[in-house]
Amino acid sequence: MDPHSEAVSKVTVPLILDRKLRGEKITCLTAYDYPTARLVDEAGIDMILVGDSLAQVVLGYDSTIPVTLEEMLHHLRAVRRATRRALLIVDLPYGTYHVGEEETLRASIRCLKEGGAEAVTIEGGKKRAALIRRLVEAEIPVMGHIGLTPQSVHSFGGYRVQGRTLESALELLADAQAVEDAGAFALVLEGIPRELAALITGRLRIPTVGIGAGPDCDGQVLVVHDLLGLSFSPRAKFVRSYADLAAVLRDAFARFRDDVLAGRYPADAESYHWSASLREQFEKEVATRSLEDEFEG
Ligand code: KIV
């Protein structure tokens, strides 16, 4: 099936909820630009997340904290132009939902109206329940995100697997329930033990989408640059590389450099040409002009 042909069966929020009832797995990848989103969409991935991981994997920041709403919107719009079938979700970046409900609503509405998102993601459990409810009341579908939430890197003291003590596991279970009760349609579980993810998945009616949370979640999400082997940070335990694009790109760039330096690129076949008749006309014209110059001189 080519989702860019006319007959695309659009993935919607109700369809994602239905997947859980049917026991069918859900696939999700991040994308931040037109070509990647187009290929992800054409591959039949169910959900595309314009994640705030944009900050690190594309913009070169050292955490997700600095990325702005404007930067997210810029990339979201490119992904929107490429996405026909997948459900398009955007992470609300740090700072857009921490100041007040009005500001969160305004940022989310911009994501839908200006960026073409169909849902937003916010990090946090119980403490975000009122906010999630408010967004849902404003017809904005929300995907929750708990566990190793990268925007909390400073409070966690680093990127550490969460839910490894009884107390923190119980907290996360309560967080998951609060997100569901507030009306979220799905929940990302990031960086938690498999056992806890399985327990949460079993208890919730909404689907869980795991990243570093084991195979028992209802779906899986990966950062597309990790999956492609195009990341400069050490590979996390849960990441499976399906390609080594960094090696492919390094090789291509080095061959281009060598070909140009050696005069092998471009070849004659890679050049534009005159027609034989134009060449003849041009040569005659030049010859006539130089004869005239000689006589005039
Ligand atoms: O920002 C991101 O890419 C994410 C996921 C991978 C869940 O939040």
Side-chain angles (χ1 to χ4, degrees), residues 20 25-30 47 49 51-57 61-67 89 91-95 97-98 121-132 142-182 184-227 231-242:
K20 173 134 184 165
K25 291 277 188 188
I26 297 159
T27 53
C28 180
L29 283 175
T30 65
M47 306 198 293
L49 173 66
D52 60 352
S53 49
L54 164 75
Q56 289 150 294
V57 297
Y61 294 123
D62 62 4
S63 77
T64 58
I65 304 294
V67 73
I89 309 171
D91 274 345
L92 288 186
Y94 179 73
Y97 58 95
H98 302 77
T121 297
I122 58 179
E123 296 184 4
K126 289 188 291 291
K127 64 183 173 191
R128 304 284 179 235
L131 211 46
I132 294 174
V142 178
M143 178 159 81
H145 185 165
I146 62 168
L148 196 182
T149 42
Q151 291 177 13
S152 308
V153 59
H154 299 314
S155 351
F156 290 157
Y159 297 101
R160 302 183 200 294
V161 173
Q162 302 294 301
R164 276 186 152 157
T165 63
L166 180 62
E167 197 191 7
S168 119
L170 290 171
E171 274 287 297
L172 284 169
L173 187 58
D175 280 337
Q177 197 57 61
V179 169
E180 171 168 292
D181 294 345
F185 74 94
L187 176 62
V188 173
L189 299 177
E190 177 162 359
I192 63 172
R194 173 183 180 169
E195 296 77 6
L196 177 59
L199 192 97
I200 292 174
T201 301
R203 292 212 176 180
L204 294 191
R205 282 173 286 113
I206 59 171
T208 58
V209 184
I211 173 161
D216 307 304
C217 298
D218 299 302
Q220 295 293 329
V221 55
L222 275 179
V223 168
V224 77
H225 287 66
D226 290 342
L227 171 147
S231 154
F232 296 95
S233 40
R235 180 156 18 124
K237 178 179 184 174
F238 62 84
V239 169
R240 186 179 297 177
S241 279
Y242 287 84

Next on the checklist: Nearest 0.5 Å, please: how far is OH in Tyr61 from OG in Ser53?
Outcome noted: 14.0 Å
Item to check | Check: Lys20 side chain, Ala186 main-chain N or O, donor-acceptor pair, under 3.5 Å | outcome: no
Next on the checklist: As an exercise, state the distance from OG1 of Thr208 to CG of Leu189, rounded to the nearest 0.5 Å.
Outcome noted: 5.0 Å
Next on the checklist: Run Val223 and Gln56 through side chain to side chain contact (heavy atoms under 4.5 Å, CB included) and show every step you take.
Outcome noted: CA-CA 11 Å; Val223 168; Gln56 289 150 294; over 6 Å; no
Next on the checklist: Could you go through Ser241 and Arg235, starting from their C-alpha distance and side-chain angles, then the distance that decides it, and tell me whether this counts as side chain to side chain contact (heavy atoms under 4.5 Å, CB included)?
Outcome noted: CA-CA 9 Å; Ser241 279; Arg235 180 156 18 124; 3.6 Å; yes
Item to check | Summary of salt bridge (Lys or Arg N to Asp or Glu O under 4.0 Å) pairs that have at least one residue in residues 198-207, sequence neighbours excluded | outcome: Glu180-Arg205
Checklist entry - Any idea which heavy atoms bring Ala197 and Ala213 closest together, and the distance? => result CB-O, 3.1 Å
Item to check | Ile192 and Ile200, any side-chain heavy atoms less than 4.5 Å apart | outcome: yes
Item to check | Salt bridge present between Asp216 and Arg194 (N-O < 4.0 angstrom) | outcome: yes
Next on the checklist: Quick check: closest heavy atoms across Cys28 and Leu49, and the distance to 0.1 Å?
Outcome noted: SG-CB, 4.1 Å
Item to check | Trace of the side chain to side chain contact (heavy atoms under 4.5 Å, CB included) decision for Thr30 with Val57 | outcome: CA-CA 11 Å; Thr30 65; Val57 297; 6.0 Å; no
Next on the checklist: Nearest 0.5 angstrom please: Ile206 CD1 to Leu187 CG, how far?
Outcome noted: 5.5 Å
Next on the checklist: Any heavy-atom pair between the side chains of Val209 and Val221 that's under 4.5 Å?
Outcome noted: yes
Next on the checklist: Tell me whether Glu123 contacts the main-chain N or O of Gly144 through its side chain, where contact means a donor paired with an acceptor under 3.5 Å.
Outcome noted: no
Item to check | Student check: side-chain heavy atoms of Gln162 and Arg164 closer than 4.5 Å | outcome: no
Checklist entry - Minimum heavy-atom separation for Val239 to Asp226, with atom names? => result CG1-CB, 3.7 Å
Item to check | Side chains of Glu190 and Ile146 in contact at under 4.5 Å (non-hydrogen atoms) | outcome: no
Item to check | Side chain Asp175, main chain Lys126, donor-acceptor under 3.5 Å | outcome: yes
Checklist entry - Are Val153 and Tyr94 close enough that some pair of their side-chain heavy atoms sits under 4.5 Å apart? => result no
Item to check | Pairing residues for Phe238 by the ring-ring contact (aromatic ring centres under 6.0 Å, His included) criterion, not counting sequence neighbours | outcome: none
Item to check | Check: Met143 and Val188 side chains under 4.5 Å, non-hydrogen atoms | outcome: yes
Item to check | Smallest separation among heavy atoms of Val161 and Pro193, with atom names | outcome: CG1-CD, 4.1 Å
Next on the checklist: Please find the pair of heavy atoms, one from His145 and one from Thr121, that lie closest to each other, and give the distance.
Outcome noted: CB-CG2, 3.9 Å
Item to check | Distance, nearest 0.5 Å, that separates CG of Asp62 from OG of Ser233 | outcome: 11.5 Å
Checklist entry - Are side-chain heavy atoms of His98 and Gln151 found at a separation under 4.5 Å? => result yes
Checklist entry - Is the backbone of Ser168 close enough, under 3.5 Å, to the side chain of Thr165 for a donor and an acceptor to pair up by distance? => result yes
Next on the checklist: Pair Ile211, Gln220 - check side chain to side chain contact (heavy atoms under 4.5 Å, CB included), show working.
Outcome noted: CA-CA 6 Å; Ile211 173 161; Gln220 295 293 329; 5.9 Å; no
Item to check | Side chains of Thr64 and Pro93 in contact at under 4.5 Å (non-hydrogen atoms) | outcome: no
Checklist entry - Which atoms form the tightest heavy-atom contact between Gly124 and Thr149, and what is the distance? => result N-CG2, 4.2 Å
